[in-house]
Protein chains: 2
Amino acid sequence: MSSPSAVESFPAHTSAASQIFTTVLSQGPLTRLEVARRAGLSAAAVTKAVRPLIEAGYLVEDVDEDSRPALGRPANLVRVDGGRALFIGVKVTGDAIIGVLTDLCCRILVARHIPLAARDPKAVLGTAAELVRELLIEADGLGVRVAGLGMAVSGDVDRAEGVVRYSPFLEWRELPLAELAAMTTGLPVTVDNDVRALTVAEQWFGAGVGLSGFAVVTVGAGIGCGLVVHGRVVAGAHGVAGEIGHVTVDPAGPRCHCGNRGCVEAIASDDAIVRQVRAATGVQVADAIEAAGLAHDGIAGAREVYARAGDAIGRGIATVANLLGPERVIISGEGLAAYDLFADHIRDAFATAAFGSAARCDVWTRPLPFDEWARGAAATAIQSFIRSDAN
Amino acid sequence: MSSPSAVESFPAHTSAASQIFTTVLSQGPLTRLEVARRAGLSAAAVTKAVRPLIEAGYLVEDVDEDSRPALGRPANLVRVDGGRALFIGVKVTGDAIIGVLTDLCCRILVARHIPLAARDPKAVLGTAAELVRELLIEADGLGVRVAGLGMAVSGDVDRAEGVVRYSPFLEWRELPLAELAAMTTGLPVTVDNDVRALTVAEQWFGAGVGLSGFAVVTVGAGIGCGLVVHGRVVAGAHGVAGEIGHVTVDPAGPRCHCGNRGCVEAIASDDAIVRQVRAATGVQVADAIEAAGLAHDGIAGAREVYARAGDAIGRGIATVANLLGPERVIISGEGLAAYDLFADHIRDAFATAAFGSAARCDVWTRPLPFDEWARGAAATAIQSFIRSDAN
DNA sequence: CTTCTTTCATTGACAGCGGAAAATAAGGAG
DNA sequence: CTCCTTATTTTCCGCTGTCAATGAAAGAAG
């Protein structure tokens with residue numbers, strides 16, 4: 001995290017303290033005893049770690065009138081005061097920048113987006129700065145300081161250094177984005193890969209809470225995958241990880257932009273579906289929405305394309321499950337708008353291709369509004385804020 | 001680890017101490033300063049942790065006369081005294097039990113194997129006990145105590161509980177192997193999946209030393225894969241992980257015993273190769289060795305089978321690399337005897353199917369004598385011995 | 001209304017770990 | 001013999017987290 005303005009910093013310097021805070025943050029209001037249990041610490045340690053966090057206003061005490069036990073002293077719940085600090089998350093796509101203002105609990109307070117004219121770093125940075133400025137004004141209105149900015153970009157991103165190594169889509173190489181954005185906005189900046197950012201959000205605030213191993217699969221313009229193993233997001237030795245989109249599903253399948261044939265992405269991405277629906281039906285559909293329309297109208301050719309796409313995704317997920325044995329797979333992404341068209345095929349293909357007990361992993365689906373990508377970016381900023389040695 | 005005889009235990013109770021010992025164990029003789037650097041600790045901490053380990057005889061000091069620096073005080077090397085404790089590793093296969101006696105550095109001192117008449121737990125346990133008895137006599141001859149027994153079994157094994165959940169090959173279910181073997185042999189017993197055990201051996205004593213993410217791919221009777229992510233062996237939520245053998249490579253390929261088509265294992269396992277070579281050449285080869293013989297003789301049909309097998313393995317490895325971004329992939333296994341027949345195809349398929357920087361992961365090959373499987377089992381015993389919270 | 005019982009939370013003493021800095025050791029060079 | 005350099009050890013010292021004991025906050029029992 002590149003941090004120019006070292007304002008008052010988060011008062012959890014020991015690993016145990018930040019672990020305790022993280023537990024409360026993601027597992028909702030808990031009694032101190034319960035926190036101790038989940039964090040594997042003594043109750044005394046929790047009491048001691050919680051006090052300064054309460055004094056600093058990051059945690060607050062609550063009494064749960066409802067679930068008062070029949071016997072014994074009632075517990076005091078501890079929860080995070082979301083309003084204590086705000087964060088901005090920014091997702092850069094090819095044609096727009098999406099920004100959200102969230103609270104410390106990563107709840108979206110404001111969402112904005114600005115179309116993007118050009119993709120060169122200067123243009124993007126300028127637009128992003130404008131968006132951040134708008135959100136800062138909103139934050140001012142709330143009277144709460146913004147404690148960090150997270151930026152999510154597709155491609156090979158080095159979070160530790162805050163550098164975008166290579167983003168094919170934006171045609172950026174070795175861009176020190178964190179440093180640049182920190183200079184422009186005056187905020188501490190965290191930069192990460194977009195799918196990993198989304199995965200962080202799921203891990204701390206979503207369907208991955210409490211799990212030590214899970215996968216997030218995004219379906220849309222591309223097919224992406226974020227992996228959490230041993231409780232940590234997998235980053236890969238060379239910045240590559242979770243490339244489920246380029247798992248080969250059918251070596252005789254359509255050619256993929258990566259050069260191979262039959263990648264999941266060449267069969268199930270929005271583009272691939274549009275292309276295949278056009279070929280199958282002869283209708284020149286403009287985008288995935290129209291393609292889904294044809295399928296919803298019952299046009300056989302279009303429905304088959306979705307069936308094949310679902311099959312490809314299901315096989316891809318099965319591959320992940322076979323290799324890593326995640327506790328859960330979370331399917332998400334804009335493509336889920338047409339989820340009814342391939343849900344069954346995903347499930348069938350997964351059930352067939354998963355080996356043995358790997359099939360016991362539960363497959364969840366979550367709608368993913370586009371803002372969520374930006375929320376993921378905010379989640380990385382929150383993570384960096386809480387523990388500077390984040391990862 | 002099921003431990004009936006709690007003899008004198010290993011004197012490294014803090015996490016740092018066992019981390020220091022592990023560093024010295026796997027990274028060979030090191031100066032204290034170098035240990036400190038690699039373990040991320042201060043020199044003082046290393047000095048303090050090393051002393052009791054030297055007093056207990058697990059570490060010894062060495063002077064490296066050769067590489068004395070021109071300037072300054074020469075360093076004292078610290079290394080593990082392999083002779084301080086012995087371990088027994090046992091690998092159970094369908095038709096034999098292989099056992100090795102190793103020292104603390106996991107060097108094989110004696111290797112034995114006994115054919116197996118039946119596969120039921122009682123028969124296997126009896127034979128294993130016999131083998132262990134023989135190795136204990138060898139150990140007695142050396143005058144060193146055996147500090148642990150590791151057992152490696154294929155299938156779903158719960159190492160923490162020491163229970164074989166389900167081994168399809170042996171037809172065992174929910175067998176508390178660690179407990180049974182501990183009662184029979186009187187030794188502390190660790191039980192793990194065979195491929196994971198091999199992976200532990202590579203991680204601590206082989207080509208995975210010092211890497212935080214790598215994969216071991218075994219080629220032979222089956223196609224297996226052990227994964228290390230974030231420095232830890234991946235176990236999978238339901239005991240399944242690393243099932244590269246059932247990654248689909250060609251949905252139109254040959255049927256696999258798992259019910260699907262075109263799994264790597266259905267194309268590249270010994271059995272699959274024999275079957276395909278028979279079909280391609282009409283020669284009723286008896287085993288993989290004869291099949292390789294035909295290919296070495298230049299018979300086109302046989303060579304093609306190996307080409308396809310290499311292609312399948314290379315694609316499988318590429319899938320792992322795309323998903324996890326390991327720093328290295330170690331190809332190993334009995335099948336490597338015919339490595340010259342498919343090496344190029346593995347490399348080509350990997351280079352083609354790996355996405356972007358994932359192709360930068362280095363692919364190593366290591367011959368794997370059958371004893372190595374048993375050595376892997378011994379490695380798990382050593383691991384358990386060193387840190388009781390092993391995983 | 002007092003006392004018990006039960007469970008949650010806090011306190012204070014304390015042990016141990018690991019770091020920083022200073023001291024010591026072990027060479028070679030001059 | 002002294003100085004310089006690098007390795008190792010020693011000597012504090014602060015900090016963390018545990019333990020065991022104590023306080024607190026109910027409802028239950030009498």
Side-chain angles (χ1 to χ4, degrees), chain A residues 9-24 27-55 59-79 386-389, chain B residues 9-24 27-56 59-79 387-389:
Chain A
S9 74
F10 189 68
H13 293 296
T14 88
S15 77
S18 76
Q19 190 197 354
I20 286 170
F21 186 80
T22 305
T23 303
V24 176
Q27 323 226 357
L30 292 170
T31 70
R32 287 173 174 75
L33 221 51
E34 189 56 31
V35 173
R37 220 165 287 138
R38 301 199 190 186
L41 294 164
S42 69
V46 174
T47 293
K48 283 184 236 184
V50 161
R51 194 187 345 258
L53 287 166
I54 287 183
E55 275 166 12
L59 293 180
V60 289
E61 270 198 327
D62 248 353
V63 184
D64 186 357
E65 291 294 339
D66 301 333
S67 67
R68 181 165 294 173
L71 220 54
R73 169 178 174 175
N76 294 318
L77 294 176
V78 174
R79 65 175 174 79
I386 289 171
R387 40 173 200 190
S388 48
D389 70 326
Chain B
S9 74
F10 189 68
H13 293 296
T14 88
S15 77
S18 76
Q19 190 196 353
I20 286 170
F21 186 79
T22 306
T23 303
V24 177
Q27 323 226 356
L30 292 171
T31 70
R32 287 173 174 77
L33 221 51
E34 190 56 31
V35 173
R37 219 164 289 138
R38 303 198 188 190
L41 294 164
S42 70
V46 174
T47 292
K48 281 185 263 192
V50 161
R51 195 184 348 254
L53 287 166
I54 286 183
E55 274 165 12
L59 293 179
V60 289
E61 269 198 327
D62 248 353
V63 184
D64 185 358
E65 291 295 340
D66 302 332
S67 68
R68 180 167 294 175
L71 220 54
R73 171 179 171 173
N76 294 318
L77 294 175
V78 175
R79 66 174 173 79
R387 38 171 202 191
S388 47
D389 70 327

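Per chain, numbering begins at 1; letters A, B, ... match sequence-line order.
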Check: Between atom CG in L41(A) and atom C1' in dC15(D), what is the gap in whole Å?
Finding: 15 Å
Note to self: Counting the atoms with a prime plus P, OP1 and OP2 as sugar-phosphate, which does A49(A) contact under 4.0 Å by heavy atoms, base, sugar-phosphate, or nothing?
What the structure shows: nothing
Check: Which atoms form the tightest heavy-atom contact between L53(A) and A12(A), and what is the distance?
Finding: CD2-CB, 4.4 Å
Check: Under the 3.5 Å rule, do the base of dG16(C) and the side chain of K48(B) count as making a donor-acceptor pair?
Finding: no
Note to self: Under 4.0 Å, counting only non-hydrogen atoms across every strand here, what does A75(B) touch: a base, just sugar-phosphate, or nothing?
What the structure shows: sugar-phosphate
Next item on the list: Specify the separation, in whole Å, of atom CG of L77(B) and atom P of dA7(D).
Entry: 12 Å
Notebook entry, point to check: Is there a donor on the side chain of R73(A) or the base of dA26(D) sitting less than 3.5 Å from an acceptor on the other?
Noted result: no
Next item on the list: Can you see which heavy atom on V24(A) is nearest to which on V78(A), and at what distance?
Entry: CG1-O, 3.5 Å
Notebook entry, point to check: Quick one: is R51(B) getting a side-chain N or O under 4.0 Å of the dT10(D) phosphate, OP1 or OP2?
Noted result: yes
Next item on the list: For A39(A) and Q19(A), work out which heavy atoms get closest and say how close.
Entry: O-NE2, 3.2 Å
Check: Whole-Å distance between dA24(D) P and N76(A) CG?
Finding: 14 Å
Next item on the list: Tell me what T14(B) touches on the nucleic acid: a base, only sugar-phosphate, or nothing, going by heavy atoms under 4.0 Å.
Entry: sugar-phosphate
Checklist line | For the student: nearest non-hydrogen atoms of I54(B) and R32(B), plus distance | finding: CD1-NH2, 3.8 Å
Notebook entry, point to check: What is the nucleic acid contact for A45(B), judged by heavy atoms within less than 4.0 Å: base, sugar-phosphate only, or nothing?
Noted result: sugar-phosphate
